[in-house]
Student: 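Here it is: the structure, laid out below.
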Amino acid sequence: MRTLNFEVLTLFPGLVEGPLNESILKRGREKGLLNVTVRNIRDYTEDKHKTADDSPYGGGAGMVLKPEPIFKAFEGLRAEYPGEELLTILLSPQGRLFHQKRAEELSEEKKRIVLLCGHYEAIDERVIDSLVDEELSIGDYVLTGGELAALVVIDAAARLLPGVLGDEESAYRDSFGAGLLDHPHYTRPAEYRGMRVPDVLLSGNHAEIEKWRSREALKATLLKRPELLETADLTDEDRKMLAELKNELEIGS
Ligand code: 4GX
């Protein structure tokens, strides 16, 4: 049995815990496939006010996460998991962009993965220099903290672990696998408010259905995210269909 082990360090554990206790992540945890421990950085402060942040040297607005509680938290982790190597990821807009490929790699990671969530504007650079292996960003926008980003990373990696998705759901796994968008989906009724489900999906002809799905996935990608086609994993058949689609839709290049 493959398992994934995360340690989340945050000042707001409640922000992270909710989604971990719902739906597929909850089930993955109950099955013992996904282990996530959420720790409050404030528990590692040692002054009477439990100070986790301070104003920046050099002046300016905003607060900076102090190094001491974070170093203490790591010492706690090393004591709890002696001899284990940790993989520490800081969620930050300065990080490399997180993508499906990294999610796949993380889903196979054997080390315990520490997700460090900064709140406030910044984190003391000495933490990054000494404790952080990798900085990841979930996108070019600014969040209030790293917690939602950490959840995105956990979610995207966990669903790729064998056994986390049920048989029904696991088909969805390949939709982004080839680097293409998904094809359209339909369920009953066959006609709704005058809108018909494409006949091929009702035909029972599985070869034709697969061909239609491939073509529609290519079409959706071409129309909505054409840049994905440059790196997609296309078969010769895909390339042929893509050329036909471009002709039909009168798209050049
Ligand atoms: N993808 N943020 C982190 C505070 C911070 C800033 C610098 C460490 C270094 C974000 C994102 C994101 C906002 C989380 C700033 N911590 N994280 N936070 N986009 O915007 O991951």
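Here the structure is a predicted model, which is why all the values come from computation and not from measurement. Scope of the values below: all heavy atoms of this structure, side chains included, with no hydrogens, waters or symmetry mates. Both counts, for ligands and for their atoms, begin at 1 and track the order of listing.
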Student: Counting N and O atoms only, with roles assigned by atom type, does the side chain of T221 sit under 3.5 Å from a partner on the main chain of L181, one being a donor and the other an acceptor?
Tutor: yes
Student: Give me the residue, atom name and distance of the protein heavy atom closest to atom 3 (C) of ligand 1.
Tutor: L91 O, 3.5 Å
Student: Note the single closest protein heavy atom to atom 4 (C) of ligand 1, along with its residue, its atom name and the distance in Å.
Tutor: Y120 O, 3.3 Å
Student: Regarding ligand 1, does I138 bring an N or O atom to under 3.5 Å of one of the ligand's N or O atoms?
Tutor: yes
Student: Determine, using heavy atoms of E135 and all atoms of ligand 1, whether some pair is separated by less than 4.0 Å.
Tutor: no
Student: Less than 4.0 Å between a side-chain N and a carboxylate O, is that true for R78 and E80?
Tutor: no
Student: Measuring from atom 21 (O) of ligand 1, which candidate in G95, G62, S92 has the nearest non-hydrogen atom?
Tutor: S92
Student: Atom 14 (C) of ligand 1: which of G139, A150, G145 has the nearest heavy atom?
Tutor: G145
Student: Locate the shortest heavy-atom distance separating L131 from T88; write the atom from each residue and the value.
Tutor: O-CB, 3.2 Å
Student: Near L136, which atoms of ligand 1 are under 4.0 Å from a heavy atom of that residue?
Tutor: 21 (O)
Student: In terms of residue, atom name and distance, what is the protein heavy atom nearest to atom 16 (N) of ligand 1?
Tutor: G118 CA, 3.8 Å
Student: One thing to verify: whether R27 and E30 come together as a salt bridge, which I'm taking to mean a side-chain N less than 4.0 angstrom from a carboxylate O.
Tutor: no
Student: Could you tell me whether the side chain of R39 and the main chain of Y44 form a donor-acceptor pair under 3.5 Å?
Tutor: no
Student: Quick test: of every protein heavy atom, which one is nearest to atom 9 (C) of ligand 1, and how far off is it to 0.1 Å?
Tutor: I123 CG2, 3.7 Å
Student: Looking only at protein heavy atoms, which one is nearest to atom 7 (C) of ligand 1, and what is the separation?
Tutor: Q94 OE1, 3.7 Å
Student: Whether the T235 and E237 side chains hold a donor-acceptor pair (N or O, under 3.5 Å, no angle test) is what I'd like checked.
Tutor: no
Student: What heavy-atom pair brings L116 and L90 nearest, and what distance separates the two atoms?
Tutor: O-CD1, 3.4 Å
Student: Are the side chains of K219 and L222 in contact, using a 4.5 Å heavy-atom criterion?
Tutor: no
Student: If two hydrophobic side chains count as joined below 4.5 Å and joins carry through other members, does L34 share a cluster with M1?
Tutor: yes
Student: Any nitrogen or oxygen of L143 lying under 3.5 Å from a nitrogen or oxygen in ligand 1? Just yes or no.
Tutor: yes
Student: Which atoms from ligand 1 have a heavy atom of G146 less than 4.0 Å away?
Tutor: 3 (C), 14 (C)
Student: Give the numbers and elements of all ligand 1 atoms closer than 4.0 Å to a heavy atom of Y141.
Tutor: 19 (N), 20 (O)
Student: Would you please determine whether L148 falls within less than 4.0 Å of ligand 1 on a heavy-atom basis?
Tutor: no
Student: Backbone or side chain, does any N or O of T144 fall under 3.5 Å from an N or O of ligand 1?
Tutor: no
Student: Considering only non-hydrogen protein atoms, determine which one is nearest to atom 6 (C) of ligand 1 and report residue, atom name and distance to 0.1 Å.
Tutor: E121 O, 3.2 Å
Student: May I ask you to identify the nearest protein heavy atom to atom 2 (N) of ligand 1, giving residue, atom name and distance to one decimal place in Å?
Tutor: P93 CD, 3.7 Å
Student: When you measure from the side chain of N21 to the backbone N and O of K26, does any donor-acceptor pair fall under 3.5 Å?
Tutor: no
Student: With a cut-off of 4.0 Å, which atoms of ligand 1 are near a heavy atom of V142?
Tutor: 20 (O)
Student: Hey, is ligand 1 close enough to A149 that some N/O pair sits below 3.5 Å?
Tutor: no
Student: Within the 4.5 Å heavy-atom criterion, are L234 and L180 side-chain neighbours or not?
Tutor: yes
Student: With a 4.0 Å cut-off on N to O distance, would you call E104 and K101 a salt bridge?
Tutor: no
